[in-house]
Number of protein chains: 2
Amino acid sequence: MNKKSQTAQAILDTAESIVQESGFNGFSYAHIADKVGIRTASIHYHFPNKEDLAVALIERYTDKFVAASARIDAESPNAPERLRKFIAMYRDPVLEYRTCLGVMFSSDASTLSEKAQEQLTGFISATLSWLEQVLSLGRSEGTLRFEGDAETQAHIFLASLQGAQLLARSFRDIRRFDQITEELISAFA
Amino acid sequence: MNKKSQTAQAILDTAESIVQESGFNGFSYAHIADKVGIRTASIHYHFPNKEDLAVALIERYTDKFVAASARIDAESPNAPERLRKFIAMYRDPVLEYRTCLGVMFSSDASTLSEKAQEQLTGFISATLSWLEQVLSLGRSEGTLRFEGDAETQAHIFLASLQGAQLLARSFRDIRRFDQITEELISAFA
DNA sequence: GTCTATAGGTGGATAGAC
DNA sequence: GTCTATCCACCTATAGAC
């Protein structure tokens, strides 16, 4: 179920990449068509309008996160390593001057449809829930130390990573990102 | 010097407000003209093109921050109170679903001109420098406690506020912002 | 300084042939 | 499923009258 054709996947791949770089208002059907090697009319066949495309983008991004976090849980038994892999997920796009799709959609939230906004909060909630669970695990394991409740710490951690992406991007300097995340990790020690 | 006419100020006021809500790619000359009550051609008289407008926006925003931070320094002798007033500056726009202009321009950085990007990093650098100085002061006063160097902590603090704005905006819930900032403050105690 | 008028381009979107 | 052709709204920007 939810099978998408190869072309639809290519369109989503390209759109995701452009949104991560320029935001949802920073791209057009023409941009996608050029990169994919099709005509704009073909995009409309797969995604009738821009809202459909936005919703599909966040939907798929959420699915990818759920899969990735499950993989992390399976591969890494201890909480600190899970956190480090999570940070790596947020670091990679910055190397290409991109950010998490959630950051971009959050910025452009006011121009998104109701449904797209709901998808967005769904994605962020999934991320926060996973982080909270990792932090709780770390605390009970004794591998992570922090004050206050895990939910608040999850918020701070995610907010810091989002801001770190924006700062590193503005300065075109990945070290700003690393500087922030290394201190975040060591604060839990 | 750098005196701007009343109309130019009104244009900047409106543009700033729209950018904070919808991003730099989310507004047009027509939007501004409508709100200010002039024609789009008049905007071009004051700001020949969109790049000029972007540069003027960040320039003025930086000036306003410098003035505001100087006022905070003058009014509040101790570091924790300075931090709290800084947080308030980032909280206010969220109430109207806006963010710091720096966040929006950072998101749209890839579509900005070279000069606008330089202005942007100038603004962020000014913010980071001021924060670093406040944190250093607090540490030497004994009113703020933290690990590592003040520069890194300034980065984390700013990144957290930026992310907190995005999170609160996405959920349309100011309490997410407050939850984050209260924990940030208490972590320094 | 602000206006009308308009140029020239690009945006998303549709109809209909293949 | 993908194409060509096309529509129309909107965009930034300019020329020139007032």
Side-chain angles (χ1 to χ4, degrees), chain A residues 2-19 21-58 60 104-105 107-117, chain B residues 2-19 21-58 60 104-105 107-117:
Chain A
N2 217 0
K3 269 266 167 66
K4 288 277 170 65
S5 75
Q6 262 190 312
T7 305
Q9 292 292 351
I11 291 169
L12 288 174
D13 288 343
T14 304
E16 182 178 296
S17 171
I18 300 181
V19 170
E21 188 178 335
S22 310
F24 189 65
N25 297 314
F27 83 101
S28 68
Y29 278 68
H31 293 141
I32 300 176
D34 276 355
K35 288 216 178 182
V36 176
I38 53 177
R39 300 287 161 169
T40 61
S42 305
I43 302 176
H44 284 282
Y45 169 80
H46 295 281
F47 306 98
N49 56 52
K50 234 184 159 181
E51 186 200 323
D52 298 318
L53 187 49
V55 171
L57 275 175
I58 316 181
R60 192 180 72 149
M104 282 301 183
F105 274 114
S107 296
D108 297 334
S110 72
T111 59
L112 296 179
S113 69
E114 272 300 313
K115 189 166 179 192
Q117 289 192 35
Chain B
N2 216 0
K3 269 266 168 65
K4 288 278 168 65
S5 75
Q6 261 190 312
T7 305
Q9 292 292 352
I11 291 169
L12 288 174
D13 288 343
T14 304
E16 181 178 296
S17 170
I18 300 181
V19 170
E21 188 177 335
S22 310
F24 189 65
N25 296 314
F27 83 100
S28 69
Y29 279 69
H31 293 142
I32 300 176
D34 276 355
K35 287 216 177 181
V36 176
I38 54 178
R39 299 287 161 168
T40 62
S42 305
I43 302 177
H44 285 282
Y45 169 80
H46 295 281
F47 306 97
N49 56 51
K50 234 184 158 181
E51 186 199 321
D52 298 318
L53 187 49
V55 171
L57 274 176
I58 316 182
R60 192 181 71 149
M104 282 302 183
F105 274 114
S107 296
D108 297 335
S110 72
T111 59
L112 296 179
S113 69
E114 271 301 312
K115 189 167 181 192
Q117 289 192 36

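All values reported here derive from a predicted model rather than from experimental measurement. Throughout, a chain's letter reflects where its sequence line sits, starting with A, and its residues are numbered from 1.
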Roughly, in whole Å, what's the span from CD1 in B/I11 to P in C/dG1? 11 Å
Sub-3.5 Å pairs of nitrogen or oxygen atoms, protein against nucleotides 13-15 of chain C:
unit_1: C/dA13; atom_1: OP2; unit_2: A/Y29; atom_2: OH; d: 3.3
unit_1: C/dA13; atom_1: OP2; unit_2: A/K50; atom_2: N; d: 3.0
unit_1: C/dA13; atom_1: N7; unit_2: A/H44; atom_2: NE2; d: 3.2

So, is B/T7 close to the C/dT2 phosphate, meaning a side-chain N or O under 4.0 Å from OP1 or OP2? yes
For B/I38 and A/S28, take the nucleotide of DNA chain C holding the closest heavy atom to each; which residue's nucleotide lies nearer the 5' end? B/I38
Check the surroundings of atom CZ in B/R60: do more than 12 heavy atoms from other residues, nucleotides or ligands lie under 6.0 Å from it? yes
Do B/T14 and B/F27 come within less than 4.5 Å of each other through their side chains, counting heavy atoms only? no
Distance alone, cut at 3.5 Å: any donor-acceptor contact between the side chains of A/D108 and B/S22? no
Decide whether B/S110 and A/E21 meet the rule of one side-chain donor and one side-chain acceptor closer than 3.5 Å. no
Without decimals, in angstroms, what is the distance between B/Y45 OH and D/dA15 C1'? 16 Å
May I have the distance from B/N25 (atom CG) to C/dT10 (atom P), rounded to whole angstrom? 16 Å
Contact summary for B/S5 and B/H46, nearest pair of heavy atoms: OG-CE1, 3.4 Å
Does B/V55 form a side-chain contact (heavy atoms from CB on, under 4.5 Å) with B/D52? I'd like the steps, not just the answer. CA-CA 5 Å; B/V55 171; B/D52 298 318; 5.9 Å; no
Whole-Å distance, B/R39 CZ to D/dC11 P, equals 14 Å
Rounded to whole Å, the CD1-P distance (B/I32 to D/dA13) equals 11 Å
side-chain N/O A/S42 vs D/dC3 OP1/OP2, d < 4.0 Å: yes
